[in-house]
Amino acid sequence: MSYLADSTYGKDNVKFLKVKKDPSNPKLQQVMEATVKVLLRGNFDVSYTEADNSPIVPTDTVKNTILILARQNDTWPTEKFAAKLALHFTGKYSHVSGVSIKIYQERWVKYDVDGRPSQHSFVHQGPEKKIVELEYDKVNGPTHYKLSTSIKDLTVLKSTNSMFYDYNVCEYTTLKPTTDRVLSTDIFAVWDWSASKLGPLTAIAAGASDLVFDKVFNDARDITLDIFAKENSVSVQATMYNMGVAILAKAPQVEYVSYELPNKHYILFDLKWFQGLSNDNELFYPSPHPNGLIRCKVGRKTSKL
Ligand SMILES: O=c1[nH]c(=O)c2[nH]c(=O)[nH]c2[nH]1
């Protein structure tokens, strides 16, 4: 005998470009290019086990709803838009018990024209994305949800001020210690919001935390880039931990900060075979694989009084 152990369904890769016009100057605009995934949970078992389609809200309807809500509502910041979507799907359909939402936002940045930021022209910043993820089950009420925001694929490199030495050495070790190396990674930083500090999803959907979401995003991005540049890094591990600590210190609404960083190795060419030519950290081979992969999650110590 078999049974349905778990299920979820919905629409993925729903894409839109939203243009926001300044009411006092319609040519002064902002753009948001987003890719949305909405998956539904709930009383859908018979659609799998009895071939009964009656409870299925078609994935096409899910797609239509995402686009209509994007047209009717302010989609900035994406955390608020995710909350609106979650409350809509769980409110509209009594048999939808929960949703998983993921929104990717492209990074379009205005550029300067004649020394001033253009009103409506943007440069795409490459693969870097802002990602928002929301898990909500309505049985627990709008004060219980899991919301996280991330920066993904922000590629950085420093050509000095990075070291790696005093590591464990055994018969398998060939790596040479260094006090000066190239360090490069694709930053993936995630911050998990504290639901108790932010308040209910209904307040988020109404815009109560808009400024917090934008400020923490900018702070987390700045802190990550700042520490990457300024620290004489002892290791990826120590540097990423310092980034997490700094973000937690600046953002009381955040409960955890996680990083996942590939160590994208650049290996110094040995050119001594050519007339004893030296290579003082000037010519490297970008070695795409294998790469190191280092992850950590930084939380707050709670004092047990
Ligand atoms: O910062 C680093 N952490 C490591 O764990 C590691 N391992 C390695 O070979 N190089 C590095 N660099």
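Counting starts at 1 for both ligands and their atoms, in listed order.
Asp280 and Ser278 share no donor-acceptor pair across their side chains, judged by distance under 3.5 Å alone. A donor-acceptor pair shorter than 3.5 Å can be found between the side chains of Thr59 and Lys11. When only modelled atom types and interatomic distance are considered, Ser194 and Gln253 share no side-chain donor-acceptor pair under 3.5 Å. Between Thr35 and Asn13, the side chains place no donor N or O within less than 3.5 Å of an acceptor N or O (distance only, hydrogens not considered).
Listed by chain and number, Phe164, Leu175, Arg181, Ser235, Val236, Gln237, Asn263, Ile294 each place a non-hydrogen atom less than 4.0 angstrom from ligand 1.
Under a hydrophobic clustering in which Ile, Leu, Val, Met, Phe, Trp and Tyr are joined whenever their side-chain heavy atoms come within less than 4.5 Å, directly or via other members, Phe228 and Leu293 fall into different clusters.
Other residues, nucleotides and ligands contribute more than 12 heavy atoms inside 6.0 Å of the OH atom of Tyr48.
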